[in-house]
Trainee: 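Structure incoming, see below.
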Amino acid sequence: MRISDYGDLAKIKKNGEKKILPNKPYVAVGMGTCGIGRGAEVLFDSLERSIKEKNLDIILKKTGCFGFCAEEPLVNIYIPGKPLIIMHRVTENDVVPILLGIERGIMPYRNVMCRIESWDYITGEFNYGKGLEEYPLWNDVPFFKWQKKIVLRNCGLIVPDDIEEYIGVGGYFPLYKTLKEMTPESVISEVKSSKLRGRGGAGFPTGVKWDLMAKVEADQKYVICNADEGDPGAFMNRNEIESDPFMLLEGMTIGAYAMGASKGVVYIRAEYPLAVQRLKGAIRQAKEHGLLGENILDSGFSFDIDIVEGAGAFVCGEETALIHSIEGRAGRPTPRPPYPAEKGLYGKPTNINNVETWCNVPVIISKGGEWLTGTGTEKSSGTKVFSLVGKVKNTGLVELPLGSTLETIVFKIGEGTGSHKRVKAVQTGGPSGGCIPVEYLSTPVDYESLNSLGTIMGSGGMVVMDEDNCMVDVARYFTEFSNGESCGKCTPCREGLAQTLHILNKITQGKGEEKDIETLIKLGNTIKSTALCGLGQTAPNPVLTTLRYFRDEYDHHMIEKKCEPGICHDLFTALCINSCPLHMNIPRYLQLLKEDKLEDAFESTLRDNPLPSSIGRICHFHCQMKCLRETIDAPVSQGDIHRYIADTVHLEGKTQKIYNRLIKEKLAPTYKKIAIIGAGPAGLTAAFYLVRLGHDVTVFESDSAAGGILRWGIPKYRLPLEVLDREVEFIKNLGVNFRYNTTVGKDVTMQELEHDFSKIIIAVGAHKDVMLNVKGNNLKGVVSGMDFLKDVAKGVQPDIGKNVVVIGAGNVSIDAARTAQRFGAEVTVVYRRVKADMPANKDEIKEAEIEGVNFLFLSNPTEILADVNDRVRGIELAKMECGDIDLSNRRKPVPTGESFIVGCDTVIMAVGEEVEAPFLKEFGIKTSSNGNVFADHFSFKTNHPKIYAIGDAVTGPSTAAEAMGLAKKAAEIIDHELTNKRRFHKLFRAFEYSDKVPLKPEGGNRHYSVKRPLEERRGNFKEINLGYTKEQAYEEVARCLRCDVRVTVNNEEE
Amino acid sequence: MEKKKIKVTIDGHPYEVGSGKTILEACNETGVKIPTLCYLKDVSQNASCGICVVEVKGAKTLVRSCVTGMREGMEIVTHSPQIDQARKTNLELILANHPKDCLVCERNGNCELQDLSAQLGIKEDAFPRTKPHMLPDDTSLALFRNPDKCILCGRCVAVCAEMQTVYAIDFTGRGLRSRIGTFQDKGLGNVACTSCGQCALVCPTAAIVERDETNEVFCDLYDNDKIVVVQTAPAIRVGVGEAMGMDEGALVTGQMVTALRKLGFDKVFDTQFTADLTIMEEGYELINRIKTGGTLPMVTSCSPGWIKFIEHFFPKSLDHLSTCKSPQQMFGAVAKTYYAEKMNIDPRKLVVVSIMPCTAKKFECKRPEMQSAFHYWKEKIGLAEHESFFDVDYVLTTRELAKMFKRKGIDFEHLKEEEFDKPLGISTGAGVIFGATGGVMEAAVRTAYEVLTGKPLEKIDLTAVRGFEGIREAELDIAGTKVKVAVAHTLKNARTLLEQIEEGKSPYAFIEVMTCPGGCLGGGGQPIPTTWAIRQKRADSIYKEDKLHAIRKSHENPAIKAIYEEFLVEPLGHKSHELLHTGYVERGIF
């Protein structure tokens, strides 16, 4: 029926209200493209069948999407008088319980996400009902908690195909008000006072834009809705149209009236068939009801809307290109001015706004412009819809007030990555935007703040990235996109992006040159400042922001030819090799073992790593964290095999034979003297490689034996002394001079070393415990974890009592706890976060629990209590609870206000270590405030030309493998500098082994090595891990998928 | 009307400039030129190259000066390190995908890209090539496109679309695959291209050039067995001097004749002779149409681009075309019949070379109809089909001729002046003005008036049809009959008149159409650059030459009288019909 007066409109509103709150139950299935993609159609059919079969008096509806993509399909269930229930991840299997639940008047419990008691449709409010309090309210769900739904006010709640439901929630009343009560000028002044800014990305004040157009005199004017949403990963506009098409039509009609346009065009991507279909239906219904077309609402105002389907060119989002595309010409931009407001579609004044901008209009008219300024910031009012995607747990469409922080979006709404990986960056604005590193996530989301970080709001795409994303590859990906979408008209965009892409491709292939970075910046700036349209002007943002915030990743690719996250596949063969700090060829020794070439396998590990038996026991096993096999079941236990090989060769008495081989092939003496300070893993590794290259190497060690943390930190039940001794002995036999009990700065001066040696390598470790800054940390009975472990290693009876509290959650803490327990103490580890957040090796934590170590999580020490003798008598712990997820992707511990005391006589502090080497500062070596030496990341050079620094001395506490990895690289560089020759490769050799890839995964489930029984562990330091049996080792080896084998296809450039 | 002045600051100095000017225009007036590449005054404002950028205070990006208008209070910086860097980078980017084969390039020494590279201080290749090589377009008889040399400035597209409304070429593909293409990549020879060559005239590089036939002509010149005669169009004498390094519009008729002889042509003739002949034929045709109620308005047919245009786009109006061949084709036909017969030359050994300001003439001479002499001789001496020849063998543009002069080492500027050979070198002032827009009309009127009235024309200069206004009209009183005539140049203006004709609203009896702006003197084969100022100078020289001629009316040309007496008998006679008139074909637009 045609609506001509208020009475007609009110009558339809009544009908609509009855549909929204019917007197019988309804089930509404979310049928956006996203829901359908997750099976909503099948679900709907099944519901329809069941309702019909059972002859139930239940209404079945199709709604749009409520926005929580990760939880699709979403289903709303309404039983008169009760709150609206939103169910998630509903499948066909849930149909029967759901219908049964409705029949019985109680809600089915399965899959209920939340309840809605009342809903503010902004243009009207609905009370669904009370009760069912066992389910959380919708805005208690983290995903919704921080959102404010203005544009998405109706999405997922009303039926998009039914104009009566739209009018039912108050829709089209704003249009009525506009046409019957307002002048065009007053409409524009309302929009101006709302401070609404263009939601397409540029943020131009909408009211001002309208005003410009309104003031131009012309016989014909147009309004256009830009629904050419083209950013990868963005789907806000699609959902807005699919779920609530009338909102857009009403907004455009009001705008047309204000600006004096009689024709409108919605330019929408043809890739959005459902949105097109719903929009067409909506236009038809609006016309039937006299809300579009001739003489709207009998006001004398006529306005019609056409749909033009774009062919999917990204550049057609640019307004001049979009206009050309509507005109049937190629979507190529033209310079502005003239702006479309002067000369637009078919040469007539034209106003273009984004879908979301139009959708705000009915609300502004309904509530008044001022109302919108109550949300958002001073300069950016209202809300913005974002599509939150990528490495984030809760993906979906989120609408929140402008000025909310990125942290809120990523961690509060998105709840972090949802995995153990940390968030690295957030990409906003799609290919036109930039990457913001996690450190900047407290930035409020508004047009200006994002611009100042080098990115843009864009239309609202937000891609979360974690450690596994390579930022160079991200820049390359977006540049490839922009390059492909460049219309090709102007030089900087067409040619500049191609060159940028060429360079990025080179870098990701390891062919980057030093000048490339400078060229990238030069190109970026030129494209930004001289490209003809917005596409080009913003296209360098991904490159420029990653260069700004992730320059080190570029350096890794260019200098080290390494892609840390293992994305740029030209830079590595297997993921495990790439992630191993020592770059051990892991698939090679696995395969050699598989082929029964045990000696070769051992030799392979030894050449890559001088301490295979030791590291095979205590490594952090970086390799396992990236193993491709994990995508099927669990990673291959590369470490256990590593150890098995070393141990078996030793048991068979063949170790020395292979040692001798290496000793024999030592290169001729160079007579270059090298001093290494520190005989820890880093120092030993540097010595191992440098001495084999023929240099005269002397290691200075302040302690009485070599090994560093391996000897003094790691308890013997993890690394038996004889294993370490054997490997140190071998390095000594290679010809390294060890000068024990020699402290540099005391027993020998740096000046002497400088005089006597060609090169000096600082390889001191981080052995000094950081003491927690709490009251009582100087009491008797408070000991440092490292000191404690060292005493035990030296055979000194440790000064601990019967009740020990260990503070900290790293490996030192667990080692200290288990060691203390072996001295008969009752041990409790306290940690302010939860168990899952502990950085220590998971295996070690598990063994500690088995051995009876107590854990107190969510407990934060606030004071160490003293007895009368100033000895520890207990520790006061604040009880914490889990707060929101913080930047480290873990839930932040928040004090509950409660605290409690744990009685104890000893407190072991193990909350972190730092470097302690006063001689460095005295000699003028630059160090940071926490004692780390400043050395170049790639050349390891300090500010002294002769002196290099590696390991913990540079990085602070790291794993043994990481320290050794740096030592290995440093050895190569130092040798090159001493000899001016590339000789490092001579220390390695080829091995013969098959490169056949298993056609299907072999070897079954992951194998776990045998552990010493609990009863055999008490009070002693016998090794706990007994290693693989032969069968286990061979089966485990078979599990390798051989991702190191690459099929090379000669893919020549076009 | 005095334009309002606005106050602006350019490079720190205050200036007053007329409103409505672009930044580029205003800045260039200050004595510091802003470099440009894609921009071409009066032709293209594609704003694509990114070279002419300047800083405007308050703007977020650099601003393209070629398309941005001056506004009150603007503060502009024309040169700064940032601007220089951007210009240089953009040029380097263009050069990355441009073949650097300058030494062997058609436009070596006359290339805007070359000049700009020097100007912006490009010293090395900054970027590698990123584009695949593209195949050249060899399909047109008149033009040759080498997409590899194209820098996508868009001038050719603009001139084809906006000046000529032909739309034979446009941008196609996107991103790095962008190129100038023809409909479905069929090639210029297979689409509705008029071969006018204006694209070649505006191209800053050698991406579009005329089909080079200099080598073929050299071969024939060195062939002792052949008798090679040359005809030169009126516009050559005001163009070739420029191409030889002389002043714009230099009138070099005498030197040109000498140089052509030095090049080895056996006879140096003048197309102006057949221009006079055209006037006779066309004039009588018009009179005949008026008297017998034939199709009017009658439209001239001497501009081959225009002929192709109407054949493609207005086939219904072909009847309006005069059936007269163009002077070039009349010359070919006359040379290989009348002249050959008179001089007793075997027509098969006679080679006719045309020097034309035009690329479309290359197409015209290869039209299958243009073999009248062959048919004449076939009947007369029984030539076999395989011995067929065209009336005109080669058409060279002004630019090609200059190249030949240079190759032959001719010291053009210092040559003494010589005269054309007789009889086909004898012409009148009426023939000269064929080279300028309105010239054919003026020449026709001079003859028609006197033929119809039998009285001498008092005012020979018909100034109403001179000048560069797009469409000019005049009303003539010939023996009491009022006749409205119109003159149009460029196909855009021709289109306007044709639409009028097709709507039945044309008030004219006679229309002159020239394809190229300014007429033949602005033809697609003329020296580069050709601007409106240069066209004006060439026109001045044309009208100067007209004044210098003792005889300024075609029907008074003694050689014309002679050819009718000796050979043709009478205008529109049987032989004329056979040799000097032709027909047209419908071509379609795809």
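Hydrogens, waters and symmetry mates are skipped; everything else that's a heavy atom, side chains included, is used. Chain A is the first sequence line, chain B the second, and so forth, proteins listed ahead of strands; every chain is numbered from 1.
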Trainee: For chain A, which residues from residues 53-66 of chain B have at least one heavy atom closer than 4.5 Å to it?
Mentor: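 If one takes a 4.5 Å heavy-atom cut-off, the residues of residues 53-66 of chain B near chain A are B:Val53, B:Thr61, B:Leu62, B:Arg64.
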
Trainee: Under a 4.0 Å threshold between the charged nitrogen and the carboxylate oxygen, would A:Lys511 count as salt-bridged to A:Asp570?
Mentor: no

Trainee: Counting only heavy atoms closer than 4.5 Å, note whether B:Phe171 contacts chain A via side chain, backbone, both or neither.
Mentor: side chain

Trainee: Would you say that more than 12 heavy atoms from the other residues, nucleotides or ligands in this model lie under 6.0 Å from the NZ of B:Lys186, or not?
Mentor: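 Yes, the 6.0 Å shell around NZ holds more than 12 heavy atoms from other groups.
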
Trainee: Does atom CD of A:Glu217 have more than 12 heavy-atom neighbours, drawn from other residues, nucleotides or ligands, at distances under 6.0 Å?
Mentor: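 Atom CD in A:Glu217 is not crowded, with 12 or fewer foreign heavy atoms closer than 6.0 Å.
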
Trainee: Hey, is NZ on A:Lys561 packed in by over 12 heavy atoms from elsewhere, all under 6.0 Å?
Mentor: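 Correct, the count exceeds 12.
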
Trainee: Salt bridge (Lys or Arg N to Asp or Glu O under 4.0 Å) between A:Lys522 and A:Glu518: does it pass, once the steps are laid out?
Mentor: CA-CA 6 Å; A:Lys522 184 175 86 176; A:Glu518 200 189 309; over 6 Å; no

Trainee: Among B:Asn97, B:Leu152, B:Thr172, B:Leu91, single out the residue with the greatest number of heavy-atom pairs under 4.5 Å to chain A.
Mentor: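 Of B:Asn97, B:Leu152, B:Thr172, B:Leu91, B:Leu152 has the most heavy-atom pairs under 4.5 Å with chain A.
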
Trainee: Which bit of A:Ser482 comes within less than 4.5 Å of chain B, counting heavy atoms only: side chain, backbone, both or neither?
Mentor: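 Contact with chain B involves no heavy atom of A:Ser482 at all.
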
Trainee: Measure distances from A:Arg336 to the heavy atoms of chain B and classify the residue's part below 4.5 Å as side chain, backbone, both or neither.
Mentor: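 Interface part for A:Arg336: neither.
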
Trainee: If you count heavy-atom pairs within less than 4.5 Å of chain A, which of B:Gly175, B:Gly154, B:Ala126, B:Cys49 leads?
Mentor: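 Among B:Gly175, B:Gly154, B:Ala126, B:Cys49, the one with the most close pairs to chain A is B:Gly175.
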
Trainee: Considering the options B:Cys38, B:Cys153, B:Cys150, B:Pro529, which one meets the side-chain contact (heavy atoms from CB on, under 4.5 Å) requirement together with B:Pro204?
Mentor: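 Exactly one pass, corresponding to B:Cys153.
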
Trainee: Where on B:Leu37 is there a heavy atom nearer than 4.5 Å to chain A: the side chain, the backbone, both, or neither?
Mentor: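 Neither; nothing under 4.5 Å.
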
Trainee: Using non-hydrogen atoms only, which part of A:Ala498 is less than 4.5 Å away from chain B: side chain, backbone, both, or neither?
Mentor: both

Trainee: Can we say A:Lys506 and A:Asp516 salt-bridge, meaning some charged N sits less than 4.0 Å from an Asp/Glu carboxylate O?
Mentor: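 Answer for the salt bridge query: yes.
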
Trainee: For B:Asn46, which atoms come within 4.5 Å of any heavy atom of chain A: side chain, backbone, both, or neither?
Mentor: both

Trainee: Could you go step by step and tell me if A:Thr546 and A:Tyr554 meet the side-chain contact (heavy atoms from CB on, under 4.5 Å) rule?
Mentor: CA-CA 9 Å; A:Thr546 49; A:Tyr554 281 85; 2.8 Å; yes

Trainee: So which residues of residues 70-87 of chain B are in contact with chain A at a heavy-atom cut-off of under 4.5 Å?
Mentor: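 So the qualifying residues are B:Gln82, B:Gln85, B:Ala86.
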
Trainee: Find the one option among A:Ala313, A:Cys493, A:Pro492, A:Pro338 whose heavy-atom pairs under 4.5 Å with chain B are most numerous.
Mentor: A:Pro492

Trainee: Is the number of heavy atoms from other residues, nucleotides or ligands under 6.0 Å of A:Lys215 NZ greater than 12?
Mentor: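 Open: at most 12 neighbouring heavy atoms sit under 6.0 Å from NZ of A:Lys215.
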
Trainee: Write down the atom of A:Arg197, the atom of A:Lys379, and the distance for their closest heavy-atom approach.
Mentor: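 Scanning both residues, the minimum pair turns out to be NH1-O, 3.1 Å.
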
Trainee: Taking the basic N atoms (NZ, or NE/NH1/NH2) and the acidic carboxylate oxygens, is any pair closer than 4.0 Å for B:Asp148 and B:Arg129?
Mentor: yes

Trainee: By the definition side-chain hydrogen bond (donor to acceptor under 3.5 Å, both in side chains), identify the one residue from B:Glu112, B:Gln198, B:Gln45 that meets it with B:Arg155.
Mentor: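 Exactly one candidate clears the test, B:Glu112.
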
Trainee: With a 4.5 Å limit on heavy-atom distance, are the side chains of A:Leu523 and B:Phe127 in contact?
Mentor: yes

Trainee: Can you check salt bridge (Lys or Arg N to Asp or Glu O under 4.0 Å) on B:Asp170 and A:Arg329, steps first, answer last?
Mentor: CA-CA 11 Å; B:Asp170 203 344; A:Arg329 298 196 277 151; over 6 Å; no

Trainee: Side chain, backbone, both or neither: which part of A:Lys528 has an atom under 4.5 Å from a heavy atom of chain B?
Mentor: backbone

